[in-house]
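To keep things clear, I will list the structure first and then write my remarks on it.
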2 protein chains.
Amino acid sequence: MDDLPKRITLKDVARAADVSLASASYAINGTGSLGEAVRSHILRTAENLGYRRNLSARAVRTGKTGAIGLVVPDFTNPFFTHLAQSVMRAARLAGYCVFVTDTEESESLEREAFKRMIDRGVDGIVWFPIRDVNTVEAQTRMVPTVLIDRSISGLESIQADYARGGELAAEHLIGLGHSRIGVVAGPRDILSQKQRIDGAVAAIKAAGTLAFSVSNAFSMDLEPSVTKAISAGKATAIFAGTDLIALGVIRYAQSLGLRVPDDLSVVGFGDMPWGQMASVPLTTVEMPIDDMAQEAVDALMRRIDQREPSHGKVFATGLIRRGSTAAARMVKIA
Amino acid sequence: MDDLPKRITLKDVARAADVSLASASYAINGTGSLGEAVRSHILRTAENLGYRRNLSARAVRTGKTGAIGLVVPDFTNPFFTHLAQSVMRAARLAGYCVFVTDTEESESLEREAFKRMIDRGVDGIVWFPIRDVNTVEAQTRMVPTVLIDRSISGLESIQADYARGGELAAEHLIGLGHSRIGVVAGPRDILSQKQRIDGAVAAIKAAGTLAFSVSNAFSMDLEPSVTKAISAGKATAIFAGTDLIALGVIRYAQSLGLRVPDDLSVVGFGDMPWGQMASVPLTTVEMPIDDMAQEAVDALMRRIDQREPSHGKVFATGLIRRGSTAAARMVKIA
DNA sequence: ATGAAAGCGCTAACAT
DNA sequence: ATGTTAGCGCTTTCAT
């Protein structure tokens, strides 16, 4: 393999264009004041030489790298990769590059990720924490940080109307004639989970019976308390705190010989990609991920530029009817 | 929001520890030679002060940022996000951070991505090009680059045994009793596609009839030539160049009233995540993505360190039998 | 074993 | 309008 050519510096450009370093800098950055002829001449020489600016060097001077970090808990979950895609796009349009890290649901990786990013001098971090817990307290004081979904005191967070979303899911089930509805939440110490569950439970209780209310990790693999609740057969419909959990519920129900949606209706939350391609296309509650990602990046830019923070915008949720829910059947004539 | 605290520099550490800047640097980096007492004293002071090294500044001096870039064509495809996850993990373990970009199948975004990354001074780039075409010729001369899957002359590429994979798929179908097999390739100007298709076609022709051989973009949406071929009903089984295409074939077949696998068997390629959760769990050809990602990062490190390149390792493919293939049915007694 | 100082590529304040 | 220059935080050569 041939050696890489030596990189052209601004000094090289200045020399080749026969101007001062400052003028070269002005031309490249569109700052200072320069005659039109000189400016375009410098730009042309830079182009010819194949000059590329050295952003590390600029960062040393200005303290701004033009890079941001994105820290999410699980790249295995399409919900997060979709989010990542949206954040990357929004950042790109704002002229930023993004360091992406998957913390693999590990708090120590979360800490490590923040340290690395701060060492690299990112201008800000978009963070989807594992839990509603600031595992990186010291770091979040060092760098502008904006959360998505989770709630941590002192940190701005971009959120959707989770309570209304839960309500929507419950109302959908109730409208379908279900009266015994079970709930499988994600971890309840996470506010966004608690809110959607509370919203659903209130609606369920107002119109029928809450068959059960259990919790599960963010995973398709169901814990014993959950499988027990489902297999008891007290519910004709289930609301899950997350699409991933909903998929787990469907899989488990099918393993029990239950047909979805004929024997059991299931509603998820989040509208993760591929949920509609699943063995049973998932009925779910959507939120505007693209908009939320955009807002997260915008909010971060505001903080970076020390402009006034936004005013707790809350994004609307909506129900997406697909194949995993159906009208409750008549009581069996046993 | 409170202002960010001023960042502690190495100079601050040196002053606080009452040593020279050089000693502080030696201590932090474990370079130079320092008395044990002095070294640990400096380290302790740095820790107490909450010192974090400024990698931009280091990069200006050393020319190495400790960051690499990852450029992939489509973050909407779980295959690529899985790959990204593996690359990110391998990079993290090697002490690198990674700038991720989704080029959204656009050559201009591909070019833009490379420019941005070079401006940021990445030490190397792992690149999954859109096509077997070097859209960034000038850039790949500036920065060590390693490809995955695609073939571009002059660039090292990490690949699997695609030909054997295609053969495996065909043999599976033949073993199931299928004799009229159709093929839906991805774009044929991509070598890795051509190889898997050629592998499959050779096996098919040796044992039966190639019902048709058409191409489609990397998408679930099928083009007219493809839908026409499928709806003609000449094949009892289809090999698709990619899982995404396979899923599109299944969807289209079902829309035609065909049952998969009863009326039509379908094999994909790539073993993308969620393929097994699809309405019909996808039979497919797998390749060891984690290992390939690791090798890509290793190969990149070798190039960065100017060590000898590796010797064209080729990764093995294997067949994963799932629900989208079944034994060919007896000829209808019409 | 430790320190002084040069210099990486760049920006911006300050001349002219 | 253009140039001179200090200095960002760091590494590293060269003295001591």
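Chain letters run A, B, ... following the sequence lines, proteins first and then strands; every chain starts at 1. The shown structure was predicted, so the numbers you read here are calculated from the model rather than taken from an experiment.
Across all strands, A:Ser25 comes closer than 4.0 Å to base atoms (heavy-atom distances). A:Ser33 comes within 4.0 angstrom of a nucleotide base, judged by non-hydrogen atoms across all strands.
Of the candidate nucleotides D:dG9, D:dC10, C:dG3, D:dC10 has the atom nearest to the side chain of B:Leu10. Which of C:dT2, D:dT4, C:dA5 sits closest to the side chain of B:Ala22 comes down to C:dA5. Comparing D:dT4, C:dT2, C:dA12 against the side chain of A:Arg61 picks out C:dA12 as the nearest. When distances run from any side-chain atom of B:Asn54 to the nucleotides C:dC10, D:dG9, C:dA5, the shortest one goes to D:dG9.
Contact annotation: A:Ser20 does not reach the phosphate of D:dT2 (side-chain N/O to OP1 or OP2, under 4.0 Å). Under 4.0 angstrom from either OP1 or OP2 of C:dT2 there lies no side-chain N or O belonging to B:Ser23. Listed pair B:Thr9 / D:dG9 fails the phosphate criterion, with no side-chain N or O lying under 4.0 Å from OP1 or OP2.
Across the protein-nucleic acid pair, A:Arg39 atom CZ and D:dA1 atom C1' stand 11 Å apart, rounded to whole Å. One interatomic measurement links the two molecules: CZ of A:Arg52 to P of C:dC8, which rounds to 22 Å at whole-angstrom precision. Following rounding to the nearest Å, A:Leu21 (CG) and D:dT4 (P) show an atom-to-atom distance of 10 Å. Following rounding to the nearest Å, B:Ile28 (CD1) and D:dT12 (P) show an atom-to-atom distance of 14 Å. Look at CD1 on A:Ile8: it is 11 Å from P on C:dC10, rounded to the nearest Å. Rounded to an integer number of Å, the gap from NZ of B:Lys11 to P of C:dA5 is 14 Å. Counting to the nearest Å, the P atom of D:dG9 and the NZ atom of A:Lys64 are 13 Å from each other. For B:Arg15 and D:dG9, the CZ to C1' distance is 13 Å, given to the nearest whole Å.
Side chain to side chain, A:Arg53 and A:Asn29 fail the donor-acceptor criterion of an N or O pair below 3.5 Å. When only modelled atom types and interatomic distance are considered, A:Thr145 and A:Glu156 share no side-chain donor-acceptor pair under 3.5 Å. Counting only N and O atoms by type, the side chains of A:Gln159 and A:Ser151 include a donor and acceptor under 3.5 Å apart.
When each of B:Tyr26 and B:Tyr51 is assigned the nucleotide of DNA chain D with its nearest heavy atom, B:Tyr51 is the one assigned upstream, toward the 5' end. Map B:Leu34 and A:Arg7 each onto its nearest nucleotide of DNA chain C; the residue landing nearer the 5' end is B:Leu34.
Separation of the A:Phe128 and A:Phe80 ring centroids falls under the 6.0 Å cut-off.
In this structure, A:Arg120 contributes its side chain and B:Leu55 its backbone to no donor-acceptor pair below 3.5 Å.
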